[in-house]
Amino acid sequence: MPEVVRRIDYYYAPVPDKPGEAARILSGLHQAGVNLLGFTGFPEGARKAQLDFLPEDPAAFAKAARQAGLKLSKKKAGFLIQGDDRPGAVAELMGKLAAAGINVTSIQAIAAGEGRYSGILWAKAPDVRKAAKALGAA
C-alpha cells in the first residue's frame, strides 16, 4: 500500500519542564474525549518544554485545551504520513520535497509495527501548499 499523506492542523503549547506535566495535560484531553493523531514534546530553554498536538478534531481539541489552561499557538499546518514500512520510504518522500525546493522544518518517522510506519512532517507556512502538492497530500 502506498503512503497516505494527510495535511493536518496542529498546535503547540509552552509548558513547564517538570515531571508529570505531559501526563496531566494528556489525561485532561483524554477525559474531554479528545483523540490525538500525533503528539511530541521536547525541552525548549530553561525549565520550559514545548508540546505539539495533532488533534483529530481541532475544534474539540482547542476547546478542551483552553479549559485545561493551555496557552495554544495559532493553528498551524503539517502532514501526517502513514504507509508500508520499507527501506527508503522516508528518503522517497524527502526526495519529492527536495525536488520541489522545499526545506523541511522537522520530521519524525517511526516503525509502527506489522510492516507499517508513520511520520509527522512540518514545512514553513509559505511552503505548505507546495509541499502538499509534492507529496500528493489529501
Side-chain angles (χ1 to χ4, degrees):
M1 177 179 186
E3 276 80 19
V4 175
V5 181
R6 255 171 68 179
R7 183 174 167 173
I8 48 94
D9 294 331
Y10 81 93
Y11 301 83
Y12 68 85
V15 298
D17 187 5
K18 64 181 186 180
E21 191 65 12
R24 179 188 68 78
I25 293 165
L26 292 171
S27 292
L29 294 173
H30 172 246
Q31 290 171 0
V34 171
N35 186 44
L36 297 174
L37 301 173
F39 169 77
T40 65
F42 53 91
E44 183 73 18
R47 295 184 295 275
K48 298 276 186 196
Q50 178 175 310
L51 302 181
D52 295 340
F53 303 92
L54 290 74
E56 184 173 56
D57 180 341
F61 166 76
K63 180 180 177 184
R66 280 192 301 273
Q67 290 173 342
L70 282 177
K71 183 178 179 178
L72 292 179
S73 67
K74 292 180 182 176
K75 181 171 62 173
K76 298 185 172 281
F79 299 93
L80 176 66
I81 304 157
Q82 297 169 308
D84 291 333
D85 192 12
R86 65 189 188 288
V90 176
E92 290 172 16
L93 293 171
M94 296 299 283
K96 290 177 183 180
L97 294 168
I102 296 164
N103 188 32
V104 173
T105 301
S106 179
I107 184 170
Q108 288 85 43
I110 191 163
E114 298 187 20
R116 305 277 298 156
Y117 84 99
S118 186
I120 306 167
L121 185 143
W122 292 270
K124 299 276 187 219
D127 290 333
V128 168
R129 184 171 284 128
K130 193 173 167 184
K133 184 176 178 182
L135 294 170

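Residues: numbered from 1 along the sequence shown.
- Here the closest heavy-atom approach between residue Q108 and residue S106 is recorded as NE2-OG, 2.8 Å.
- F53 pairs with exactly one of Y10, F61, Y12 by the ring-ring contact (aromatic ring centres under 6.0 Å, His included) rule, that one being F61.
- Taken to the nearest 0.5 Å, the CZ atom of F39 stands 7.5 Å off from the CD1 atom of I25.
- At a threshold of 4.0 Å, the pair R86-E92 counts as salt-bridged, since one of the basic side-chain nitrogens sits closer than that to a carboxylate oxygen.
- Two different hydrophobic clusters hold L54 and L29 under the rule that ILVMFWY side chains link at heavy-atom gaps under 4.5 Å.
- Cluster membership for L70 and L36, using ILVMFWY side-chain heavy atoms within less than 4.5 angstrom, is shared.
- Of all heavy-atom pairs spanning V15 and E21, the tightest one is CB-CG, 4.0 Å.
- Under the 4.5 Å side-chain heavy-atom criterion for Ile, Leu, Val, Met, Phe, Trp and Tyr, W122 and V5 are members of distinct hydrophobic clusters.
- Taking CD1 from I102 and CE from M94, the interatomic distance works out to 10.5 Å, rounded to the nearest 0.5 Å.
- Shown here for A13 and L72, the closest heavy-atom pair between the two residues is CB-CD2, 4.1 Å.
- Using a 4.5 Å cut-off on side-chain heavy atoms (C-beta onward), L121 and L97 make contact.
- When atom types are taken as modelled, the side chain of K130 and the backbone of A100 share a donor-acceptor pair closer than 3.5 angstrom.
- Rounding to the nearest 0.5 Å places OG of S118 at 11.0 Å from CG of D85.
- In this structure, K76 NZ and Y11 OH are separated by 11.5 Å, a value rounded to the nearest 0.5 Å.
- A salt bridge links R116 to D84: at least one charged side-chain nitrogen sits closer than 4.0 Å to a carboxylate oxygen.
- Clustering ILVMFWY residues whenever any of their side-chain heavy atoms sit less than 4.5 angstrom apart, transitively, puts I8 in a cluster other than the one holding F79.
- No side-chain heavy atom of N35 sits less than 4.5 Å from a side-chain heavy atom of D57.
- Counting all heavy atoms, side chain and backbone alike, D17 lies closest to P43 at OD2-CB, 4.1 Å.
- Under the 4.5 Å side-chain heavy-atom criterion for Ile, Leu, Val, Met, Phe, Trp and Tyr, L80 and Y117 are members of distinct hydrophobic clusters.
- In this structure, K18 NZ and R24 CZ are separated by 7.5 Å, a value rounded to the nearest 0.5 Å.
- Contact detail for I81 and E3: the closest heavy-atom pair is CG2-CG, 4.0 Å.
- When all heavy atoms of V90 and A109 are compared, the closest pair comes out as CG2-CB, 3.8 Å.
- For the atom pair I107 CD1 and I120 CD1, the distance stands at 9.5 Å (nearest 0.5 Å).
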